[in-house]
Amino acid sequence: MRRENEIYCNRCKKQIKSRSGIAQEGLFHAETDWGYFSEKDGERHSFDLCEDCYDEITEAFAIPVERVRLTELL
Ligand SMILES: [Zn+2]
């Protein structure tokens with residue numbers, strides 16, 4: 001969740017360390033625009049998760065997260 005230049009984990013409310021709105025620690029940001037075939041047509045949803053919450057949620061997946069080793073981190 002973004003408020004001014006602060007970022008919070010939507011799941012646990014932990015404040016993510018950030019500088020000028022840029023995360024300075026692990027952060028998962030999701031954003032999706034729901035379309036015609038959904039029940040949320042025309043809505044944009046977004047949320048942020050701290051790394052601990054991301055790990056807890058994704059560890060419950062029946063199919064693991066797909067991982068690719070980035071050769072060059074941006
Ligand atoms: Zn969290």
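- Between R2 and H29, some side-chain heavy-atom pair lies under the 4.5 Å cut-off.
- A donor-acceptor pair under 3.5 Å is absent between the side-chain atoms of D48 and the main chain of Y8, judged by distance alone.
- Across R11 and C53, no two heavy atoms sit closer than the pair NH1-SG, 3.4 Å.
- Note on M1 and L27: separate hydrophobic clusters, where clusters join Ile, Leu, Val, Met, Phe, Trp and Tyr whose side-chain heavy atoms are under 4.5 Å apart, directly or indirectly.
- Of the inter-residue distances, the one linking C50 atom SG with K17 atom NZ reads 11.0 Å to the nearest 0.5 angstrom.
- Between the CD1 atom of I7 and the CD atom of Q24 there is a distance of 9.0 Å, given to the nearest 0.5 Å.
- Counting all heavy atoms, side chain and backbone alike, Q15 lies closest to E25 at O-OE2, 4.0 Å.
- Note: the hydrophobic cluster containing I22 does not contain F47 (ILVMFWY, side chain heavy atoms under 4.5 Å, direct or indirect links).
- In this structure, K14 does not pair ionically with E51, as no charged nitrogen and carboxylate oxygen lie closer than 4.0 Å.
- Follow the hydrophobic side-chain contacts under 4.5 Å out from L49 and you reach F61 in the same cluster.
- I16 and C9 get closest at one heavy-atom pair: CG1-N, 4.2 Å.
- Panel note: side chain S38, backbone K40; a donor-acceptor pair is recorded below 3.5 Å.
- Of the inter-residue distances, the one linking R44 atom CZ with D33 atom CG reads 4.0 Å to the nearest 0.5 angstrom.
- Using cut-offs of 30° and 60° on the angle between ring planes, the pair F28 and Y54 is tilted.
- Between the side chain of E31 and the backbone N or O of S46 there is no donor-acceptor pair closer than 3.5 Å.
- Residues S18 and N5 come closest through the heavy atom pair OG-O, 3.3 Å.
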